[in-house]
Q: 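First, the structure itself, so that you have it in front of you.
Labels below follow one simple rule: chain letters A, B, ... track the order of the sequence lines, proteins then strands, and each chain is numbered from 1.
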2 protein chains.
Amino acid sequence: MGQQSKPAAESGTRESERRRTILRAAIDVFARKGYHGCRIADVAKEAGVAYGLVYHYFKNKDELLETVFDTGWSGFVTRVRAVVEGEGPLAEKVRGIVEVAFEAYRVDPRAVKVLILEIARSPAGSRINRQTAFVDAIRLSSALFNAAQERGELRTGLDPHLASALLFGNIEMALTAFVVGLADARDPDALERAKSQIADSFLYGVLTGAQAAEVSEWKPEKSATKSKAPKRS
Amino acid sequence: MGQQSKPAAESGTRESERRRTILRAAIDVFARKGYHGCRIADVAKEAGVAYGLVYHYFKNKDELLETVFDTGWSGFVTRVRAVVEGEGPLAEKVRGIVEVAFEAYRVDPRAVKVLILEIARSPAGSRINRQTAFVDAIRLSSALFNAAQERGELRTGLDPHLASALLFGNIEMALTAFVVGLADARDPDALERAKSQIADSFLYGVLTGAQAAEVSEWKPEKSATKSKAPKRS
DNA sequence: CCGCTGGTTGACTGGCGAATCACCCGCCGG
DNA sequence: CCGGCGGGTGATTCGCCAGTCAACCAGCGG
C-alpha cells in the first residue's frame with residue numbers, strides 16, 4: 001500500500017491516489033453486495049483506509065455512487081460520441097457502438113455491473129435523475145438514425161428514437177446476461193459471438209432490404225479503428 | 001391457516017380482502033417511492049390499515065416485495081406460456097408475446113413499473129434470486145426459436161437463446177421508456193406504434209429473408225385471440 | 001525546535017425505521 | 001354470561017448505520 005512521498009505533480013489527474021483507491025473499492029463492493037446492501041465501513045475496509053476518510057473525499061454515500069456513475073458513464077458516452085461523429089457507413093458505426101460497450105465490459109466488468117444494476121434502473125428517488133443520462137445517450141445515437149432515415153436507409157415507419165432505444169436495449173440485455181451469469185463471461189468466444197449477433201440482428205431489423213443485403217457481406221477485417229485508448233476507471 | 005367460518009365458496013381466492021388491499025397499496029407505494037425509499041408505515045397508510053396489520057399478513061418487508069413479484073410475474077408468465085404453446089406461425093406468436101406485455105402495462109402500469117424497476121435488476125442480495133424467474137421466461141420462449149431454427153426460419157448462426165433474450169430486451173426497453181416517462185404513456189397511439197415497431201424490427205432482425213418477406217404482408221386484422229382474460233392484481 | 005496545515009484515524013451518536021408486543025374488540029360456542 | 005380466539009391496533013423497542021468530531025501524525029517553513 002503506502003508509497004508516500006509522491007512527487008506531487010504526477011499523473012495528470014489532480015485527485016489523490018487515495019481518492020481513486022476508495023472509488024475503486026466502492027465499485028467492487030457495490031458490484032458484490034449492491035448499493036443498499038453495503039455499509040460505508042465495507043468500502044473503507046475494501047480500500048484499506050479508515051472509515052472517516054471516505055467522508056473526507058465524498059460528501060456522503062449518495063455522492064459516492066453518483067461519482068462512480070459519472071466516471072464510468074462519461075467515459076462510455078465519450079467513446080460512443082467519437083464513434084457517432086466519426087466517418088463511415090451506418091452499419092459500421094452501429095458495430096462500433098456495440099464494440100465500445102462490450103470492450104468496457106471486458107476491461108471492467110464490475111463497473112459495468114454497477115452501472116447496469118444500480119443506476120440504469122434506479123427508482124425515482126435520487127436527486128438529479130440519472131435517467132437523463134441514459135436518455136442523453138439514446139438521443140446521441142438518434143442523430144445517426146435520423147440521418148439514415150433521410151437517406152432512406154431505415155425501414156419506413158420506424159421511429160429513429162425507437163431504433164436508437166432498441167440498440168441500447170439489445171446491448172443492455174446482452175450485457176445483463178453476462179452480468180447475472182446467464183452467459184459465461186470468461187469465455188471470450190461467447191462475448192465475440194454475442195457482439196456480432198447483436199449488431200447483425202439489429203441491423204437486419206432496422207435497415208431496408210437493400211442496405212441489409214450489404215450487411216451480409218460484411219466480415220470482420222480486424223478493423224483499423226480498433227485502437228482502444230486505455231479505458232479509465 | 002384457519003379458513004373456516006367464511007361462507008367458504010366466495011370470490012375464488014382464499015386470501016382476505018384486507019390482504020389484497022395491502023398488496024395493492026404496496027404496489028402503488030413501491031411504484032411511487034421505490035422499495036428502499038418507502039417505509040412500511042407508508043404502505044399501511046396508503047392501505048388505510050394499522051401499521052401492525054401489515055406484519056400480520058406478511059412476515060417482513062422483503063416478503064411483501066416478493067409477493068408483489070410472484071403475483072405479477074406469474075400472471076405474465078402464464079399468458080406468455082399460453083401464447084408459446086398455442087397454434088400459429090412464429091411471427092404471430094412473437095406479436096402475441098409483445099401484446100401480452102403491453103397489455104399488462106395498459107391494465108396496471110404501476111405493477112409493471114415495480115417489476116421493471118425494482119425486481120428485474122435487483123442487486124445480488126435478495127434471498128432466492130428472482131433472476132431465475134427472468135431466465136425462466138427467456139428459456140420458455142427459447143423453445144419457440146429452437147423450433148424455428150430447426151425449420152430453418154432463423155438466420156443461420158443466431159443462437160435461439162440470444163434471440164429470446166433480445167425479444168425481452170426490446171420489450172423491456174420499450175416499456176422502460178414509458179415507465180420513466182420518456183414516451184407518453186397516455187397516448188394510446190404511442191403504445192400501439194411502439195408495439196408494432198418492436199415486433200416488426202425484431203422479426204426482420206431475426207428471421208431469414210424469405211420469412212421476413214412475409215412479415216411485410218402482415219396487417220392487424222383485429223385478431224381473434226385478442227380476448228383478454230381480466231388481468232389479475 | 002515549534003507550531004501550523006492538511007491528510008488520516010476510528011470511537012461515538014443520533015435518528016430512522018423494521019419488527020415486536022401488549023392490548024383491544026366483536027363474535028361464537030358453551 | 002363467560003372465555004377463548006382471530007383479526008386488528010399503534011406505541012415502544014432495538015439494532016443498525018450514516019455521518020460527525022476530536023484527536024493524531026507527518027511534513028514543512030520559519
Q: For nucleotides 15-20 of chain D, read 5' to 3', which letter fits each nucleotide if B means a protein heavy atom sits under 4.0 Å from the base, S means only the sugar-phosphate is that close, and - means neither?
A: --SBBB
Q: Measure the distance from CZ on R19(A) to C1' on dG6(C) and round it to the nearest whole Å.
A: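 Result: 16 Å.
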Q: Once you measure the plane-to-plane angle for H36(A) and H36(B), does it fall in the parallel (<30°), tilted (30-60°) or perpendicular (>60°) bin?
A: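 Ring orientation of H36(A) relative to H36(B): parallel.
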Q: Counting any heavy atom closer than 4.0 Å, what does F58(B) reach on the DNA or RNA strands: base, sugar-phosphate only, or nothing?
A: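 No contact at all - F58(B) keeps every heavy atom at 4.0 Å or more from the nucleic acid.
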Q: With side-chain contact (heavy atoms from CB on, under 4.5 Å) as the test, would you mind laying out the steps for K93(A) and L144(A) before giving the verdict?
A: CA-CA 9 Å; K93(A) 289 184 178 179; L144(A) 222 56; 3.5 Å; yes
Q: Just the rounded figure in Å: distance from P of dG7(D) to CZ of R20(B).
A: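 In whole Å, dG7(D) P and R20(B) CZ are 15 Å from each other.
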Q: Between P on dC16(C) and CG on D42(B), what's the gap in Å once rounded to a whole number?
A: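 Taking CG of D42(B) and P of dC16(C), I get 13 Å after rounding.
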Q: Would you mind checking if K45(B) and D42(B) are paired as a salt bridge, meaning a charged N to carboxylate O distance below 4.0 Å?
A: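 Salt bridge between D42(B) and K45(B), a charged N being under 4.0 Å from a carboxylate O: no.
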Q: Send over the distance from L53(B) CG to dA19(C) C1', rounded to a whole Å.
A: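 The answer, rounded to whole Å, is 14 Å.
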Q: Output the rounded distance in Å from NE2 (H56(B)) to C1' (dG8(D)).
A: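 Atom NE2 in H56(B) sits about 8 Å away from atom C1' in dG8(D).
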Q: Please produce a list of atom pairs where a protein N or O lies less than 3.5 Å from an N or O of nucleotides 23-26 of chain C.
A:
none

Q: Between R193(A) and D159(B), does at least one N-O distance fall below 4.0 Å, as a salt bridge requires?
A: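 No, this pair does not count.
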Q: Is it the case that K113(B) places NZ or CZ above or below the six-membered ring of F30(B), under 6.0 angstrom from the centre and within 45 degrees of the axis?
A: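 Geometry flag: not set, cation outside 6.0 Å or 45°.
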Q: Checking side chain to side chain contact (heavy atoms under 4.5 Å, CB included) between Y105(B) and each of L175(B), I171(B), I116(B), L115(B), which is the one that passes?
A: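 Answer to the side chain to side chain contact (heavy atoms under 4.5 Å, CB included) test with Y105(B) among L175(B), I171(B), I116(B), L115(B): L175(B).
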Q: Report the relative orientation of the aromatic rings in W73(A) and F76(A); use parallel for angles under 30°, tilted for 30 to 60°, perpendicular for over 60°.
A: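 Plane angle between 30° and 60°, so tilted.
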Q: Using the ring centroid of each side chain, check whether F202(B) and F145(B) are separated by less than 6.0 Å.
A: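 For F202(B) and F145(B), the ring centres are under 6.0 Å apart.
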